[in-house]
Visitor: 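Once you've had a glance at the structure underneath, I'll fire off some questions.
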Amino acid sequence: MFGKNPKRKATKGVGNQLDIQEVFATIQGEGPNAGTPSVFLRLSGCNLACEFCDTEFENFKPQNLENIISEIKALSKNENGKKVRNLVVITGGEPLRQPIEKLCDELILNKFSVQIETNGTIFRNLHEKVEIICSPKNNGMGYKKIRPDLLERITAFKFIISANNKNYSSVPDVGQSEYKTPVYIQPMDEYNKKKNLANLEYCKKL
């Protein structure tokens with residue numbers, strides 16, 4: 001959305017219905033589960049507006065929980081009906097903006113592994129088996145503070161790195177050292193071949 005999305009607040013509810021952008025089968029390409037066949041569930045809206053974010057998450061539709069689970073189950077299987085995707089990645093926007101506790105519980109009951117991708121500014125009391133991957137964001141005045149109640153639950157941090165954007169030119173300590181949380185880095189995609197190559201080379205030196 002390149003920073004042009006509305007900043008949406010966290011919503012309340014029991015989670016029987018969620019606003020969904022898209023559901024699709026793919027390969028997880030980032031973080032500790034990179035290379036894992038997955039089903040991605042993209043939820044709508046974000047409480048932040050990042051200028052480099054290229055993701056569309058405002059063209060959404062409300063769906064009930066039963067239909068969401070059914071679609072995930074269908075996408076988890078190959079053409080022979082065998083389950084080949086055991087990982088469900090819930091992303092956004094900001095997935096913790098919506099009440100996803102019940103969704104996570106249902107997925108785990110159905111023997112899926114669940115990974116959340118969050119910016120770290122919203123907390124929800126998720127099932128202990130849920131992996132939480134946090135990608136902190138910088139608003140130009142420093143990185144957004146990671147909620148203390150979320151910090152102890154984070155499985156890994158993923159920092160976006162740019163050789164050109166000073167806000168994303170380093171890996172700050174946002175609490176990972178206290179909990180010895182693993183850290184991954186990812187070159188920022190700036191839609192410029194020269195800049196992207198510089199970002200990749202810069203990442204190698206960090």
Side-chain angles (χ1 to χ4, degrees), residues 10-11 15 18-48 50 53 55 57 65 68-69 71-77 83-137 143-161 171-187 203:
T11 60
L18 299 169
D19 290 333
I20 304 299
Q21 175 71 27
E22 58 182 338
V23 189
F24 57 97
T26 186
I27 300 291
Q28 171 61 291
E30 306 166 357
N33 289 311
T36 304
S38 311
V39 177
F40 266 56
L41 173 64
R42 189 177 304 284
L43 301 187
S44 74
C46 190
N47 62 321
L48 304 180
C50 299
C53 179
T55 304
F57 46 74
L65 185 60
I68 296 169
I69 297 293
E71 187 168 4
I72 290 173
K73 284 182 176 179
L75 287 170
S76 73
K77 299 175 182 178
K83 187 179 181 183
V84 293
R85 300 176 187 90
N86 294 307
L87 176 65
V88 177
V89 180
I90 305 176
T91 185
E94 173 47 56
L96 294 184
R97 196 185 64 79
Q98 297 188 58
I100 60 171
E101 296 93 331
K102 192 172 182 179
L103 168 64
C104 292
D105 290 347
E106 288 294 320
L107 289 171
I108 289 168
L109 281 174
N110 281 279
K111 301 188 183 306
F112 285 101
S113 297
V114 180
Q115 176 182 310
I116 306 293
E117 296 185 345
T118 177
N119 60 39
T121 60
I122 300 173
F123 174 80
R124 290 192 186 274
N125 189 21
L126 302 177
H127 194 290
E128 61 181 6
K129 289 186 178 180
V130 173
E131 290 188 343
I132 299 174
I133 310 302
C134 180
S135 181
K137 300 299 186 291
Y143 276 83
K144 291 281 187 179
K145 186 176 181 181
I146 307 300
R147 289 185 54 119
D149 45 10
L150 183 67
L151 188 58
E152 62 182 358
R153 283 289 318 274
I154 292 173
T155 306
F157 282 94
K158 182 186 69 177
F159 287 92
I160 298 170
I161 298 296
V171 178
D173 191 337
V174 294
Q176 68 266 30
S177 62
E178 179 181 356
Y179 292 95
K180 296 181 173 58
T181 310
V183 171
Y184 295 79
I185 59 175
Q186 176 183 336
C203 280

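Remember, it's a predicted structure, so these values are computed and weren't measured experimentally.
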Visitor: Any side-chain heavy atom of Ser44 within less than 4.5 Å of one from Leu18?
Guide: no

Visitor: Going by heavy atoms in the side chains, are Gln98 and Asp19 under 4.5 Å from each other?
Guide: yes

Visitor: Say whether Asn33 and Ser38, considering side chains only, have a donor N or O and an acceptor N or O under 3.5 Å apart.
Guide: no

Visitor: Are Phe159 and Val174 close enough, and set up right, to give a side-chain contact (heavy atoms from CB on, under 4.5 Å), and what steps lead you there?
Guide: CA-CA 11 Å; Phe159 287 92; Val174 294; 3.9 Å; yes

Visitor: What are the two closest non-hydrogen atoms of Pro95 and Leu43, and how far apart are they?
Guide: O-CD1, 3.7 Å

Visitor: Quick check: closest heavy atoms across Arg85 and Leu75, and the distance to 0.1 Å?
Guide: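 That closest heavy-atom pairing would be NH1-O, 2.8 Å.
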
Visitor: Is any side-chain heavy atom of Ile161 closer than 4.5 Å to a side-chain heavy atom of Cys203?
Guide: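 They are in side-chain contact.
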
Visitor: Which distance, rounded to the nearest 0.5 Å, do you find between the OG1 of Thr11 and the CZ of Arg97?
Guide: 5.5 Å

Visitor: Could you walk me through whether Phe112 and Ile72 satisfy the side-chain contact (heavy atoms from CB on, under 4.5 Å) test, starting with their C-alpha distance in whole Å, then the side-chain angles of each, then the deciding distance to 0.1 Å, before giving a yes or no?
Guide: CA-CA 10 Å; Phe112 285 101; Ile72 290 173; 4.0 Å; yes

Visitor: Are the side chains of Ile133 and Tyr184 in contact, using a 4.5 Å heavy-atom criterion?
Guide: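 No - every pair of side-chain heavy atoms lies 4.5 Å or more apart.
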
Visitor: Any pair with a residue in residues 120-137 that passes salt bridge (charged side-chain N to carboxylate O under 4.0 Å, His left out), sequence neighbours left out, goes on the list, sorted by first then second residue, please.
Guide: Glu101-Arg124

Visitor: Could you check if a side-chain atom of Leu126 sits within less than 4.5 angstrom of a side-chain atom of Val114, using non-hydrogen atoms only?
Guide: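 Not in contact.
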
Visitor: To the nearest 0.5 Å, what is the distance between SG (Cys134) and CG (Leu150)?
Guide: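 Interatomic distance, Cys134 SG to Leu150 CG, rounded to 0.5 Å: 6.5 Å.
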
Visitor: Do Gln176 side-chain atoms and Pro172 backbone N/O form a donor-acceptor pair below 3.5 Å?
Guide: yes

Visitor: At their closest point, which heavy atom of Phe157 faces which heavy atom of Ile154, and how far apart are they?
Guide: CZ-CD1, 3.6 Å

Visitor: After noting the C-alpha distance and the side-chain angles of Thr26 and Val89, does the key distance pass the side-chain contact (heavy atoms from CB on, under 4.5 Å) rule?
Guide: CA-CA 10 Å; Thr26 186; Val89 180; over 6 Å; no

Visitor: Would you tell me whether Glu94 and Asn119 have side-chain atoms, one donor and one acceptor, within less than 3.5 Å of each other?
Guide: yes

Visitor: I want to check something: taking the side chain as every heavy atom from C-beta on, are Asn86 and Ser76 in contact at a cut-off of under 4.5 Å?
Guide: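 Side chain of Asn86 against side chain of Ser76, heavy atoms only: no contact under 4.5 Å found.
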
Visitor: Evaluate the side-chain proximity of Arg42 to Thr55: yes if any heavy-atom separation is below 4.5 Å, no if none is.
Guide: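 Side-chain contact under 4.5 Å: yes.
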
Visitor: Would you say Lys83 has more than 12 foreign heavy atoms packed within less than 6.0 Å of its NZ?
Guide: yes

Visitor: Measure the spacing between CG of Leu103 and CD1 of Ile108 and express it to the nearest 0.5 Å.
Guide: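 Leu103 atom CG to Ile108 atom CD1 measures 9.5 Å (nearest 0.5 Å).
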
Visitor: Passes side-chain contact (heavy atoms from CB on, under 4.5 Å), Leu87 versus Gln115? Steps please.
Guide: CA-CA 7 Å; Leu87 176 65; Gln115 176 182 310; 4.1 Å; yes

Visitor: Without swapping roles, check the side chain of Arg153 against the backbone of Val130 for a donor-acceptor pair under 3.5 Å.
Guide: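 Checked: pair present.
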
Visitor: Side chains of Ser113 and Thr36, heavy atoms from C-beta outward: is any pair under 4.5 Å?
Guide: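 Heavy-atom side-chain distance check fails, nothing below 4.5 Å.
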
Visitor: Does a sphere of radius 6.0 Å around NZ in Lys158 hold more than 12 heavy atoms from other residues, nucleotides or ligands, not counting ones at 6.0 Å or beyond?
Guide: yes

